[in-house]
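Taking it in order: structure first as structure tokens, then the write-up.
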Amino acid sequence: MKNNEHINEAEELKDAPLLHSLKKSEVFAAPDGYFDQLSSNIQDRINAKRPSVPQIFWKPVLAGTSLALIISAVYLITPSSTPQPKVQNSIGELQLSTDDLINSNYYQELEEDLLAEALIAPENESSLKESNLENYLLENSSEEELLNEL
Amino acid sequence: MSEFSDQELLERFRDPSGSQKHYAFNLLVKKYQQRIYAHIRRMVIDHDDANDLVQNTFIKIWSHLDGFREDSKLFTWMYRVATNETLGFLKQKKKRFFLPIGNAEAVLQAKLIQEPGINANRLELKLQKAILALPEKQRLVFHMRYYDNMKYEEMSQVLETSVGALKASYHHAVQKVEKYLKED
């Protein structure tokens with residue numbers, strides 16, 4: 001096999017006598033001791049790249065994380081399920097969104113309070129207008145002031 | 001030099017217990033490190049660049065050796081990994097420094113003069129300059145045939161080029177080098 005290669009080479013270089021006459025030599029020398037260290041340098045880099053936790057542990061973790069990311073992405077992208085954003089006011093407090101209010105019992109409580117106020121309010125108003133106001137004026141004003149008012 | 005054949009090294013590397021993987025790979029590196037280094041160094045000239053590329057090449061070989069289908073000889077496959085790594089590096093370098101093709105070769109020629117550890121007389125240095133003046137792919141073909149005595153079939157597997165095209169490429173490369181050597 002080597003002879004064949006040599007014959008081929010002689011034939012291939014027959015039109016290049018100067019090149020053929022040159023002795024082949026390796027002109028690029030590696031620094032002294034380079035090849036003694038190379039394999040251990042490569043092993044060090046391979047070991048540095050190796051994960052410290054066994055791969056079998058990472059598979060379910062990666063699968064779970066991927067699934068959570070996909071679900072989050074779908075939830076955020078779908079318009080109907082997009083929650084109204086929570087707005088921050090000028091002093092940095094987080095304001096409640098409509099969704100938060102609906103989800104809480106706020107409306108239920110508010111409704112009851114308003115109804116109660118609405119039922120009580122007419123009595124208060126009438127008492128303030130009539131006898132209570134008259135008594136108040138009589139107690140806190142002098143006769144002169146009352147006459148001047150009339 | 002390893003006493004094991006490529007096949008034995010592969011079997012040890014692929015042993016299901018994994019106990020001999022590092023040992024077998026270490027022997028593989030020792031067996032081929034000088035040839036891989038020489039191939040890369042001739043292409044990039046600079047030792048530090050060559051060192052990085054040799055290490056990257058062997059790390060890639062480590063990562064993909066389990067999947068090596070043995071369609072070619074192990075060394076041919078390793079040589080291909082090294083070649084691709086080197087060509088990728090040269091391409092990136094040209095892009096990074098916005099070097100036109102001619103300038104890239106001029107940069108390598110300048111490196112050749114500056115680089116320490118080059119053991120060459122005047123004629124050998126001229127030969128290296130002549131080789132560096134070749135287009136990149138032709139230079140690769142010249143190295144593989146002239147220095148590494150590779151068969152055209154093997155070269156074809158490495159470069160994914162037809163044997164006929166490689167023969168023509170080498171013939172042109174030889175003519176150009178001879179012409180350069182004859183010039184004053």
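Reminder, nothing fancy here: chain letters follow the sequence lines and each chain counts from 1.
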Answer key: most heavy-atom pairs under 4.5 Å with chain B among A/Leu18, A/Asp15, A/Leu22 is A/Leu18
Apply the side-chain contact (heavy atoms from CB on, under 4.5 Å) test between B/Arg14 and each candidate in B/Leu65, B/Leu9, B/Asp66; give the one that qualifies. B/Asp66
With B/Tyr79 as partner, the option from B/Glu154, B/His39, B/Lys73, B/Gln157 fulfilling side chain to side chain donor-acceptor pair (under 3.5 Å) is B/His39
What residue, out of B/Tyr146, B/Phe58, B/Tyr147, has the most heavy-atom pairs lying under 4.5 Å from chain A? B/Tyr146
Does B/His47 have its ring centroid less than 6.0 Å away from the ring centroid of A/Phe28? no
Indicate, with yes or no, if the rings of B/Tyr23 and B/Phe13 have centres closer together than 6.0 Å. no
Proximity breakdown for B/Tyr170 and chain A, heavy-atom pairs closer than 4.5 Å: side chain
Interface moiety of B/Gln175 toward chain A, non-hydrogen atoms closer than 4.5 Å: neither
